[in-house]
Amino acid sequence: MDSAFLFAGVRLDRKKFASDFSRFQPKKEDDGAKGQEIASPAVVAQNNVESRSQTKKRKRLLKENETESSFNLFKRRKSETTEAPGVDVDDQEPEPVAMGSVPEAEVVGLSRKKYQIHVSGRDVPAPLVSFEQLRTQYRCRKYLMKNIREAGYTEPTPIQRQAITALLADRECFACAPTGSGKTLAFTLPILMRLRVPSKEGLRALVLCPTRELALQTTRELKKLIVSTKFRVRVMTKALASCNDFSKLPCDILVSTPLRLDALLKESKIDLSKVEFLVMDESDKLFEMGFVEQIDSVVAACTNPKIIRALFSATLPDTVEELARSIMHDAVRVTIGERNSAAQTVNQRLVFVGSEEGKILALRQIFSESLRPPVLIFVKSKERAAELHKQLAFDNLSIDSIHADRTQAQRDAAVEKFREGKTWVLIATDLMGRGMDFKGLNCVINYDFPPSISSYIHRVGRSGRAGRSGQAVTFYTEDDVPLLRSVAHVIFASGGDVPAWMLSLPKVHKHKFKPHTSDSNGVLPASEVSKQKQQSKSPQKSQSKISEGFKKTKQSTKPERGISKKNFKVSSKNQKTPLKKKSKRKE
Ligand SMILES: Nc1ncnc2c1ncn2[C@@H]1O[C@H](COP(=O)(O)OP(=O)(O)OP(=O)(O)O)[C@@H](O)[C@H]1O
């Protein structure tokens, strides 16, 4: 293949895409306004699920529920925190409502059905009816109600409805909900409600994220919610980590990657004994090889007996849940929709590109025919990202790349410019695959085939968020055929069209679906990886059950729980006839 031809640039038709370009004029701070534009995912879910014949009855029952004044309330513990000076003392709170009658099981059941909420565990509290209920029945403070409104959140999403009430009832929680369905607010709200007021007593809530970028984003979301309070939310950066005595730094909520925190723990620079709330976001990633020992040491350092732990992710394999159950107490499991599935708002396509060379041609064709920025392109390694960046550098595109070999400043700038719409095309490794929320991202292109089903689900989930529609195109070559079947099933299960032959491809043998390590896809810089290797050789002070369990599970690794062949009857090309599954879940 003539490389000059391959690297020939594409010219963008600016006239044709004028409306798209105009959307990317730099704006100042528009998060709130944008939030208001978004159709609530809850509304979307409601529209999808409601069947006509049941609508009337449900509406009547739900209305009765909404006006029900004696909701089942949990008794709050008396706050042991000290009011920091300057706290909004005029924040008049409603009197706590006495324990009332439990809403009818049927009403709760209907509400769960309506929002596709599946729960398991003992006495799971009823889902939230509205954000207003947080004020009237859960004593949510005025500032928080105001900040929820100002962020543009009018109605809770399904995961927020159920995970918030579970966490507010002091229940430990596994929460699994599709990408872009508002899981961040589902844990940040209960954190702030539980902490109630800022305190000088030290770190009380900890959020662990697999990447620094996601930690920064979560911090941003938390900061939106604490406007006009004295809460201190910090993200663990390199600069912060170099602080000699963390106890002198006032901080209520810390957001961190496990690596940095573990390093501080090893040097006894940080005290986690007051932590009341530990959230592991993208928990299945955190339970992968490379992270698990750090997670162990963080979990072991959180010694507060009152601690509530919560695991959130769009993909939660059984193996992770099994491992985590060893540290959780009486946990509730909340699942929205089909477990481990791709967001239904994403229009997914598989494109055969023949060979490696075919990829760049196919990409240029997509760009010249229908480029609708912003576009996120995933590749399998940092080397591939750098290479593709070079190849596209002369294509008259506003393009950037992000991967572990770029400096932190470069990575931050790449994310910021992409958010602002200054960069139209961002090339990324799986570093960007998890949790990143780029509002209005139109299209994800899997230039290199994803290494696992969870990677596929998270990558495509960068678009089609918060009820918006999005697109995902996945290139595949002959080499990718072994993994094609699983991806095709995921697309099919989320309502996409795939040819019948793909669905009936032979199943890949378990050992080929090894869980990939965090470093294999360029998530961690080489220096961090070697540190990890050293650490894993050195004896651990306090090995908890997780890493022990992890070692056992590794010996008998189950494949990621996906959609199994037995759930589908494939009769002819493109014909979809999903069979009914027997639900084992307890409602
Ligand atoms: N109640 C709500 N109403 C409208 N928009 C919301 C609501 N809650 C969250 N959002 C918006 O939905 C988007 C996705 O939320 P978030 O990033 O928390 O998703 P997620 O479920 O954590 O996704 P992922 O699995 O990819 O991490 C964000 O832009 C957020 O502002």
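Remember, it's 1-based here, ligands and their atoms both numbered in the order they're listed. Both backbone and side-chain heavy atoms feed into the values below; hydrogens, waters and symmetry mates do not.
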For ligand 1, which atoms, with element, lie under 4.0 Å from some heavy atom of R465? 14 (C), 16 (P), 17 (O), 19 (O), 20 (P), 23 (O), 24 (P), 26 (O)

Option whose closest heavy atom lies nearest to atom 12 (O) of ligand 1, chosen from A186, A466, A151: A466

Pairs of nitrogen or oxygen atoms closer than 3.5 Å, one from Q217 and one from ligand 1: do any exist? no

Measuring from atom 15 (O) of ligand 1, which candidate in G435, C209, G182 has the nearest non-hydrogen atom? G182

Does only the side chain of S313 get under 4.0 Å from ligand 1, or the backbone, or both, or neither? Count heavy atoms. neither

Student check: side-chain heavy atoms of Y456 and I491 closer than 4.5 Å: yes

Which of the atoms in ligand 1, numbered in the order shown and given with their element, are less than 4.0 Å from a heavy-atom of D437? 13 (C), 14 (C), 17 (O), 28 (C), 29 (O)

Under 6.0 Å from the six-membered ring centre of Y447 and within 45° of its axis: does the NZ or CZ of R384 meet both? no

Look at ligand 1 and say whether H458 reaches it with a heavy atom at a distance under 4.0 Å. no

What part of R434 sits under 4.0 Å from ligand 1 if we count only heavy atoms: the side chain, the backbone, both or neither? neither

Could you tell me whether K439 approaches ligand 1 through its side chain, its backbone, both or neither, with non-hydrogen atoms closer than 4.0 Å? side chain

SB check R465 D437 (cutoff 4.0 Å): yes

For P127, is there any backbone N or O sitting under 3.5 Å from a side-chain donor or acceptor partner on R112? no

Can you find an N/O atom of E221 closer than 3.5 Å to an N/O atom of ligand 1? no

Can you find a pair of side-chain heavy atoms, one from V299 and one from D296, that are under 4.5 Å apart? no

Selected option - heavy-atom contact closest to atom 31 (O) of ligand 1, from F187, F438, Y153: Y153

Presence of salt bridge, E221 and K224, under 4.0 angstrom: yes

Can you tell me which portion of M436 lies within the under-4.0 Å heavy-atom range of ligand 1? Options are side chain, backbone, both, or neither. neither

Atoms of ligand 1 close to E155 [distance to a heavy atom under 4.0 angstrom, numbered from 1]: 1 (N), 2 (C), 3 (N)

How long is the span from the CZ atom in F438 to the CG atom in L426, to the nearest 0.5 Å? 6.0 Å

Considering the heavy atoms of S181, write down every atom of ligand 1 situated less than 4.0 Å from one of them. 19 (O), 20 (P), 21 (O)

Could you grab the distance from atom NZ of K183 to atom CZ of F312, nearest 0.5 Å is fine? 9.0 Å

Give a yes or no on whether the backbone of F449 and the side-chain of D480 come within a donor-acceptor separation of less than 3.5 Å. no

Return a yes/no value for T179: is any of its N or O atoms, backbone included, closer than 3.5 angstrom to an N or O of ligand 1? no

Donor-acceptor pair, side chain of N340 and main chain of L316, under 3.5 angstrom: yes

G180 N/O under 3.5 Å from ligand 1 N/O: yes

Salt bridge or not between R161 and E155? Use side-chain N to carboxylate O under 4.0 Å. yes

Check whether Q294 reaches the backbone of L259 with its side chain - one donor and one acceptor, N or O, closer than 3.5 Å. yes

Polar atom proximity, A177 to ligand 1 (N or O, under 3.5 Å): no

Would you mind running through ligand 1 and noting each atom that sits below 4.0 Å from a heavy atom of P178? 21 (O)

Tell me, do L128 and Y138 make a side-chain contact under 4.5 Å, heavy atoms counted? yes

One finds that the ligand 1 atoms under 4.0 Å from a non-hydrogen atom of T184 are 16 (P), 17 (O), 18 (O), 22 (O)

Any nitrogen or oxygen of K183 lying under 3.5 Å from a nitrogen or oxygen in ligand 1? Just yes or no. yes

Check: E282 N/O within less than 3.5 Å of ligand 1 N/O: yes

